[in-house]
Amino acid sequence: MADFSRPPGTMDVLPEKSGVWQWVEAKAREVFDLYHYREMRTPIFEHTEIFERGVGDTTDIVQKEMYTFTDRGGRSLTLRPEGTAGVVRAFVEGKLYGGTLPGKYYYLGPMFRYEKKQAGRYRQFNQYGIEVIGSDNPRADAEVIELADHFLKELGISHYRLELNSVGCPTCRSDHKKLLLEHLAPIKNELCPDCQSRFEKNPLRILDCKIDGHHPQVLTAPKITDHLCEDCSTHFDAVKGHLNALGVAYVITPTMVRGLDYYTRTAFEFIGTELGAQSTIIGGGRYNGLISMLGGPDLPGVGFAGGLERLLLTVDEAREQELAADRLDAFVIAMGDAAMDFSVKVLQLLRKNGIRADMDYAGRTFRAQLKLADRYHAKVALIIGDDEVEKQSVTLRDTTSKEQQLVSIEELITVLHK
RNA sequence: GUGGACGUGGCGAAGCGGUUAACGCACCGGAUUGUGGCUCCGGCAUACGUGGGUUCGAAUCCCAUCGUUCACCCCA
């Protein structure tokens, strides 16, 4: 039997909900624009290598979550699982490194990852994100973080905290990794199966494992923040200093790891405190090696990405209700065929003049049409029967005060604009 | 990929082995033939996710499957 249901992990945003979506998207564009970020629109699919190289082929995303297919020309393409790699590719391909640096960009749109659905996790989900390419200045890190904070406040969201960390550069990270492995080696066999495999894959993650995180030997493990090289350490201190100056509250979380290979130095997450297991609403950091990895010059970058769906989970009920309402300026009520003919012309007139209006096409009775006007929260009902047609007028009824007046078609727009 | 919970009309929700599967909301109409939001009356719909099995009899029990959901992993 044919399956006409939507694929697992996808969602339909029905009209009742699209109001909030539009509101959040508009806010995002507004704030990004305020900070002088400009939109970058890239394809929804890219050559698979972009993500393999960019995101890192040891990551979960690349190993098991990509929607990869072969097109008719035999190319391997992949639906984008995140936004940064595509933006960087476009930056390089468009030779934007030849222009004014740093370049500041933002994007907004769907991403795809083959994962099992959960609260706040979808296979097709929407991200907004920003990137600053070409600046190594810690002030750029701070701006990116402060922007995210500003954006959340602008949406009236307050139940979140900002976690901050530095994951160092390839040099100090590998030094630390060596220390860490030596420290944990004696207890390797006591760790959970997940952590056993993390030993090779991503030892940093053992530190915040839900099972082994409390193990005494794990608690005393060397922290990355105590083993940063001098440059990384100076950079990290500067970022913290700038955030303090800007009044952005954060907590240092040395156990925080980011899942994508390209991160260097600054890493941060905004975590919703009233969400389920998938609680990161915005995540980001610095990626100094990525641009050259994708064939561009050796330029540094910082940015973040946030999930629309998770953000919407934190938007408060009241605002959501308000944005869901179905509203009309005027509802036209017609009685009889002659009235209908006249009514559609009135409707056209209203709409040409920017008045949001509608009428019934389902053959409802007069009473039912009035009920409809009510349901659509129409400010006025315009009643048209044989009398009105004859006088080329409409009976204008204020739905709140219930006051009525006969208005000629010539005066209608003027009266309604009052 | 792993584990738990759940799948009854458009939505919510009873029923948990026996005959017409409650009820509420929504929707449509009437009381009120050109005046709404309340009230009352009436109407409405191929509802037991799907496929097998047990039984004289299954929405109710068993198995499988699909889907939803929560959590792990991971991440937005």
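In what follows, chains are A, B, ... by sequence order, proteins preceding strands, each numbered from 1. Any value given below was found using the heavy atoms of this structure, including those in side chains, with hydrogens, waters and symmetry copies removed.
Nucleotides B:rU33 and B:rU20 are separated by 42 Å at their P atoms, to the nearest Å. When the C1' atom is used for both B:rA13 and B:rG53, the distance is 30 Å, rounded to whole Å. Here, B:rG30 and B:rC44 have their C1' atoms 15 Å apart, quoted to the whole Å.
Within the 4.0 Å cut-off from OP1 or OP2 of B:rG34, not a single side-chain nitrogen or oxygen of A:Arg397 is found.
One cannot find a donor-acceptor pair under 3.5 Å joining the base of B:rU69 and the side-chain atoms of A:Gln118. Between the side chain of A:Lys402 and the base of B:rG37 there is at least one donor-acceptor pair of N/O atoms closer than 3.5 Å. Counting atom types as modelled, A:Gln63 pairs no side-chain N or O with a base atom of B:rG1 as donor and acceptor under 3.5 Å. Under 3.5 Å, the side chain of A:Lys117 and the base of B:rU68 form no donor-acceptor pair of N or O atoms.
Computed from coordinates, the A:Gln196 CD to B:rC73 C1' distance equals 16 Å when rounded to whole Å. Between the CZ atom of A:Phe151 and the P atom of B:rA76 there is a distance of 16 Å, rounded to whole Å. A:Arg121 has its CZ atom 11 Å from the P atom of B:rC70, to the nearest Å.
A:Tyr106 has its ring centre less than 6.0 Å from the ring centre of A:Phe32.
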Donor-acceptor pairs under 3.5 Å, side chain of residues 285-296 of chain A to any protein atom, not counting sequence neighbours: which ones?
{"unit_1": "A:Arg286", "atom_1": "NE", "unit_2": "A:Asp141", "atom_2": "OD1", "d": "3.2"}
{"unit_1": "A:Arg286", "atom_1": "NE", "unit_2": "A:Asp141", "atom_2": "OD2", "d": "3.0"}
{"unit_1": "A:Arg286", "atom_1": "NH1", "unit_2": "A:Ser135", "atom_2": "O", "d": "3.0"}
{"unit_1": "A:Arg286", "atom_1": "NH1", "unit_2": "A:Asp136", "atom_2": "OD1", "d": "3.4"}
{"unit_1": "A:Arg286", "atom_1": "NH1", "unit_2": "A:Asn288", "atom_2": "OD1", "d": "3.1"}
{"unit_1": "A:Arg286", "atom_1": "NH2", "unit_2": "A:Ser135", "atom_2": "O", "d": "3.1"}
{"unit_1": "A:Arg286", "atom_1": "NH2", "unit_2": "A:Asp141", "atom_2": "OD1", "d": "2.6"}
{"unit_1": "A:Tyr287", "atom_1": "OH", "unit_2": "A:Glu131", "atom_2": "OE1", "d": "2.5"}
{"unit_1": "A:Asn288", "atom_1": "OD1", "unit_2": "A:Gly301", "atom_2": "N", "d": "3.4"}
{"unit_1": "A:Asn288", "atom_1": "ND2", "unit_2": "A:Asp136", "atom_2": "OD1", "d": "3.4"}
{"unit_1": "A:Ser292", "atom_1": "OG", "unit_2": "A:Gly289", "atom_2": "O", "d": "3.1"}

With B for base contact, S for sugar-phosphate-only contact and - for none (protein heavy atoms under 4.0 Å), nucleotides 24-31 of chain B reads ---SSSSB

